[in-house]
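Because the structure is predicted, anything quoted here is derived from the model rather than measured.
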Amino acid sequence: MPRHSAPQRPARLRPRLVVTLVVAATGLGAAIWLPTRNDTADASERRHNPGSGFQRDRNALDAFADDFDGGAGSTVDPAKWTLGTNRTDSGLEFSMSTRNARLDGSGNLIVTARAGRTGRTSARLVTRNTFQRESGSIAVRVAVPGGDGLKPALELVGAGRPNLGTINLLARAEPGDFHTYEVSWTPQQVTFAVDGTDVQRVSAPGVATGQPFGLALSLAADDNAGLPARMVVDFVRVSPLSPPASPSAAPSASSSTPPSASPSTPPSAPPATPPSASPSASPSASVPPSAEPSSPAVKAWAAFTDYKAGDVVSYKGTDYEVLEAHTSLPGWEPTAVPSLFKKL
């Protein structure tokens with residue numbers, strides 16, 4: 001079972017998954033700031049479940065991260081999550097027991113739906129705080145189970161509006177392997193990506209973002225589901241979108257090299273240089289032996305750039321190797337997405 005620190009393997013996106021995520025990206029605005037409904041949500045359940053309520057807007061956060069580090073068999077961090085204890089209309093009971101939600105000791109959360117003497121049980125985790133951002137990013141890396149009657153969910157739930165629907169980012173997630181689902185938004189655009197590959201960008205100019213929302217993570221099971229069934233969650237993150245600082249980084253790196261190289265080179269080797277190369281080539285020829293042979297070839301990380309595995313980028317003075325081909329987005333800096341970058 002892969003840990004959250006392990007690099008991801010490229011995954012082929014199936015057409016059914018792509019179509020589903022396009023629909024999810026189109027409906028993200030409804031989940032965060034518009035009063036609409038979605039068939040994957042059970043709104044009445046959330047209205048009548050006091051254990052799944054959110055704190056008020058004054059406690060809203062702009063960032064969140066849980067890598068589910070902890071001892072094997074322990075429960076989730078109570079400062080980050082609450083556990084629902086209600087029973088659904090289908091007879092499934094959400095429980096606080098570690099038999100239904102526990103850490104595996106290797107950086108994963110295991111959510112298990114079970115069949116017992118008293119019926120079916122599972123777990124539903126709700127973020128204790130709400131989140132509120134004009135622009136941001138939500139990412140989850142998860143392996144969901146397959147089979148009829150199973151409903152894995154990471155829902156974006158509107159806070160403070162009982163009639164607000166939800167959107168389930170895992171409504172038709174591909175079972176089996178780990179996949180990373182990420183959605184980012186600005187007041188002008190919503191972008192959905194899977195495993196670092198953009199699936200859809202939806203233009204939404206003029207939409208009033210910044211309304212509070214929460215996250216609910218669960219594995220529901222109908223009476224015809226094959227149990228037990230496990231959903232393995234590597235991480236859940238809500239992140240701000242960083243300002244594009246890359247244009248300023250590139251000129252500073254290039255402008256600092258010529259002044260240091262040119263004054264020292266001409267006095268040392270003017271006689272030997274002209275026969276072998278032009279005057280413009282002699283300074284560059286003397287630089288590699290002295291220092292930084294790889295620095296000129298490393299470009300600064302930038303958003304909305306196509307990277308392939310093996311590329312090397314620079315970010316905040318440190319070089320990183322690209323582990324998987326992807327198109328970068330704001331918020332996907334090498335320090336923020338360790339599954340895509342390895343520090344050199």
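Within the 4.5 Å cutoff, the side chain of N108 has no heavy atoms near those of the L103 side chain. Side-chain contact check for D198 versus F192: every heavy-atom pair is 4.5 Å or farther apart. Taking 4.5 Å as the limit, every side-chain heavy atom of F178 sits out of range of all side-chain heavy atoms of T180. In this structure, the side chains of K308 and D306 stay at 4.5 Å or more apart for every pair of heavy atoms. Taking 4.5 Å as the limit, every side-chain heavy atom of P334 sits out of range of all side-chain heavy atoms of T318. Side-chain contact between D223 and R120 is present, with heavy atoms from C-beta onward closer than 4.5 Å.
Between the CG atom of D319 and the NZ atom of K299 there is a distance of 14.0 Å, given to the nearest 0.5 Å. Between the CG atom in L340 and the CD atom in E333 there is a gap of 11.5 Å [rounded to 0.5 Å]. Rounding to the nearest 0.5 Å places CD of Q188 at 9.0 Å from OG of S135.
In this structure a side-chain-to-backbone donor-acceptor pair under 3.5 Å is missing from S314 to V298. In terms of modelled atom types and a separation under 3.5 Å, the side chain of N100 and the main chain of T112 share a donor-acceptor contact. With hydrogens and angles disregarded, no donor-acceptor distance shorter than 3.5 Å links the side chain of R102 to the backbone of I110. Put simply, the side chain of D67 never gets that close to the backbone of D69: no donor and acceptor are under 3.5 Å apart. Formation of a donor-acceptor pair under 3.5 Å by the N168 side chain with backbone atoms of P152 is found in this model. With S90 contributing its side chain and D222 its backbone, the two residues share no donor-acceptor pair below 3.5 Å.
Exactly one residue among D234, D177, D66, D195 makes a salt bridge (Lys or Arg N to Asp or Glu O under 4.0 Å) with R141. That residue is D234.
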- Using the side-chain contact (heavy atoms from CB on, under 4.5 Å) rule, take Y315 and F341 through it: C-alpha gap first, then chi angles, then the decisive distance, then the call. CA-CA 11 Å; Y315 182 72; F341 296 92; over 6 Å; no
- Item | CA sep, side-chain torsions, deciding dist, call: T191, T186, side-chain contact (heavy atoms from CB on, under 4.5 Å) | CA-CA 9 Å; T191 303; T186 68; over 6 Å; no
- For I138 and F213, what are the C-alpha separation, side-chain angles and deciding distance, and is it a side-chain contact (heavy atoms from CB on, under 4.5 Å)? CA-CA 12 Å; I138 300 168; F213 66 94; 3.6 Å; yes
- Candidate pair F68 and D104, rule side-chain contact (heavy atoms from CB on, under 4.5 Å), full reasoning: CA-CA 9 Å; F68 301 109; D104 68 354; over 6 Å; no
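Residue pairs meeting the salt bridge (Lys or Arg N to Asp or Glu O under 4.0 Å) criterion with at least one partner in residues 334-344, sequence neighbours excluded, are E321-K342.
Cluster annotation: L83 is connected to V142 through the hydrophobic network of ILVMFWY side chains, with a link wherever side-chain heavy atoms come within less than 4.5 Å. By the criterion of side-chain heavy atoms lying less than 4.5 angstrom apart, applied directly or through intervening Ile, Leu, Val, Met, Phe, Trp or Tyr residues, Y320 is grouped together with Y307 in one hydrophobic cluster. Hydrophobic clustering of Ile, Leu, Val, Met, Phe, Trp and Tyr side chains at less than 4.5 Å, counting indirect connections, keeps L109 apart from L150. L227 and L219 fall into different hydrophobic clusters, where Ile, Leu, Val, Met, Phe, Trp and Tyr are joined by side-chain heavy atoms under 4.5 Å apart, directly or via other members. Hydrophobic clustering of Ile, Leu, Val, Met, Phe, Trp and Tyr side chains at less than 4.5 Å, counting indirect connections, unites Y181 with F64.
Defined by atom type and a distance below 3.5 Å, a donor-acceptor pair is present between the side-chain atoms of S137 and E182.
Atom CG of D148 sits in a sparse spot, with 12 or fewer heavy atoms from other residues, nucleotides or ligands closer than 6.0 Å. Enclosure of atom CZ in R99 is not indicated, since only 12 or fewer non-hydrogen atoms of other residues, nucleotides or ligands lie within 6.0 angstrom.
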